[in-house]
There are 2 protein chains.
Amino acid sequence: MLRLSKKTDYGLLALQYLATEAPAGVASARTIAERYDIPVELLAKVLQHLARLGFVAAQKGVHGGYHLARPARAISLAEIVEAIDGPLAITACGRRDEQCEQFGTCTVRDPLSRVKDQIFSVLQTMTLAELTPDEHAIPIVVRGRGEAGSGAPVEAR
Amino acid sequence: MLRLSKKTDYGLLALQYLATEAPAGVASARTIAERYDIPVELLAKVLQHLARLGFVAAQKGVHGGYHLARPARAISLAEIVEAIDGPLAITACGRRDEQCEQFGTCTVRDPLSRVKDQIFSVLQTMTLAELTPDEHAIPIVVRGRGEAGSGAPVEAR
DNA sequence: CTAACTCCGACCTGATTAGTCCTATATTAG
DNA sequence: CTAATATAGGACTAATCAGGTCGGAGTTAG
């Protein structure tokens, strides 16, 4: 369905949090996970991956956490998506993928590849800094994991 | 990975075949499947689906098959993709999907929705007619299902 | 030193997708 | 009429991948 994985969703949320909300630009995986109510371990894995690829830097220990290793304006959505979901591809096979069973007979490969390029450029144009919604456009709704009002309340800022 | 499903791939191939290669614009599921070396039953199901939605018209019987029910120039890629893969969505939840666990706390929903709209317009702009590669740009390579030369040979036109 | 907190990386599981099989119905050639 | 060929459509199985979990190693406060 042309969908991003949840890992990528979580990664975008985390990076956006580090870029705009985190005090001093630093936050632990736990803090971010609780902020957005997503599984801690899963987000941790995503952040680890982003650390290995140089998007964020990790600091172990008691007051450790992650912070952006590069300025938000210099990180495009395309980079993030490719980092987590792997190389952007519309079809199963690439333009030069001779492994593909249908390589010789396929007649839509090249046109679809052009479509891919266009989509890629959309993602490449938008940076992490632009991912921030307008302040007044954020509808904060109190909503617990299960029933509304149960568990740790979500802070409306 | 932001990928189209194989069903959609097959659907695009089939529609493109009907639009440009099929004699008199008519071809059976079997013919198309053999042309591109893809599973017959699977392609048949995709074509049945496209028939139900009015993209192609079916003719049963000995010299039956499918033909386009609408002109190729009037069918956008977006339509085809949504017909087979379902509504286009970048993220798991929609812009107004209050069912989403993170609806209240999510800060990337609206910006990502704008990205989705851009991608959608790319797909909406391109029609089936434009999916055809230039004649001289089609590299026809003889390639059987297993080893080269085995099984039914692929006809180079 | 020790305990609390953090990142790290391998593992498991369940949902989605791809592909197969079988039966029914319609049309046409002979 | 009958056989061959075509679509129609449901049910089933297999493979793949995303989502989620577990135990371990490093770092720092006290």
Side-chain angles (χ1 to χ4, degrees), chain A residues 1-11 13-14 18 22 26-34 36-67 69 81 84-87 89 91-93 100-102 145, chain B residues 1-11 13-14 18 22 26-34 36-67 69 81 84-86 89-93 100-102 145:
Chain A
M1 308 169 198
L2 209 64
R3 248 182 40 203
L4 259 42
S5 70
K6 280 202 173 179
K7 279 187 190 174
T8 303
D9 277 3
Y10 296 161
L13 277 170
L18 290 176
V26 178
S28 69
R30 170 176 303 277
T31 303
I32 303 173
E34 284 173 355
Y36 295 106
D37 198 23
I38 55 186
V40 186
E41 296 89 348
L42 188 53
L43 178 63
K45 202 158 57 165
V46 173
L47 282 167
Q48 285 162 31
H49 191 68
L50 290 173
R52 230 176 308 155
L53 296 177
F55 288 90
V56 296
Q59 181 57 42
K60 290 186 177 182
V62 175
H63 286 118
Y66 294 94
H67 62 93
V81 170
I84 303 177
D85 267 355
T91 53
C93 70
C100 178
E101 291 280 323
Q102 284 83 31
R145 184 184 291 269
Chain B
M1 308 172 199
L2 210 66
R3 246 179 45 199
L4 261 42
S5 70
K6 282 203 171 179
K7 278 188 189 174
T8 303
D9 275 3
Y10 296 161
L13 277 170
L18 291 175
V26 178
S28 70
R30 169 177 302 277
T31 303
I32 303 174
E34 284 173 355
Y36 295 108
D37 198 23
I38 56 185
V40 185
E41 296 89 348
L42 190 54
L43 177 63
K45 241 192 329 205
V46 172
L47 282 167
Q48 284 164 31
H49 190 69
L50 289 174
R52 233 175 305 155
L53 295 177
F55 288 90
V56 297
Q59 180 58 43
K60 290 187 177 183
V62 175
H63 285 118
Y66 295 93
H67 63 91
V81 170
I84 303 177
D85 267 354
I90 296 297
T91 52
C93 72
C100 178
E101 291 280 323
Q102 284 82 31
R145 185 183 291 269

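The chains referred to below are lettered A, B, ... by the order of the sequence lines, with proteins before strands, and numbering in each begins at 1.
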Expressed as a whole number of angstroms, how long is the span from [X]:[atom1] to [N]:[atom2]?
X       : N      : atom1 : atom2 : value
B/Gln59 : D/dT7  : CD    : P     : 10 Å
A/His63 : D/dA29 : NE2   : P     : 7 Å
A/Lys7  : C/dG9  : NZ    : C1'   : 12 Å
B/Ile84 : C/dT16 : CD1   : P     : 19 Å
B/Arg52 : D/dA8  : CZ    : C1'   : 8 Å
B/Leu43 : D/dG9  : CG    : C1'   : 15 Å
B/Glu41 : C/dA18 : CD    : P     : 16 Å
B/Leu42 : D/dT13 : CG    : P     : 18 Å

Upstream residue (5' side of DNA chain D) when B/Arg30 and B/Lys45 are each assigned their closest nucleotide: B/Arg30
What's the spacing between [X] [atom1] and [Y] [atom2] if we round to 0.5 Å?
X       : Y       : atom1 : atom2 : result
B/Leu18 : B/Phe55 : CG    : CZ    : 13.0 Å
A/Gln48 : A/Lys45 : CD    : NZ    : 8.5 Å
B/Glu41 : B/Leu43 : CD    : CG    : 10.0 Å

Go through D/dG20, D/dG9, C/dC8 for me and flag the one nearest to the A/Ala51 side chain. C/dC8
State which of C/dC7, C/dG19, C/dT25 makes the closest approach to the side chain of B/Lys60. C/dT25
Taking B/Asp85 for the side chain and A/Leu2 for the main chain, is one N or O donor matched with an acceptor at less than 3.5 Å? no
Taking the nucleotide of DNA chain C with the closest heavy atom to each, which residue, A/Ala44 or A/Val62, is nearer the 5' end? A/Val62
Taking OP1 and OP2 of C/dG19, is either one under 4.0 Å from a side-chain nitrogen or oxygen of B/Lys6? yes
Output yes when at least one side-chain N/O atom of B/Tyr66 is less than 4.0 Å from OP1 or OP2 of D/dA8, else no. yes
Do you know which of B/Ile32, B/Leu47, B/Thr31, B/Val26 makes side-chain contact (heavy atoms from CB on, under 4.5 Å) with B/Tyr66? B/Leu47
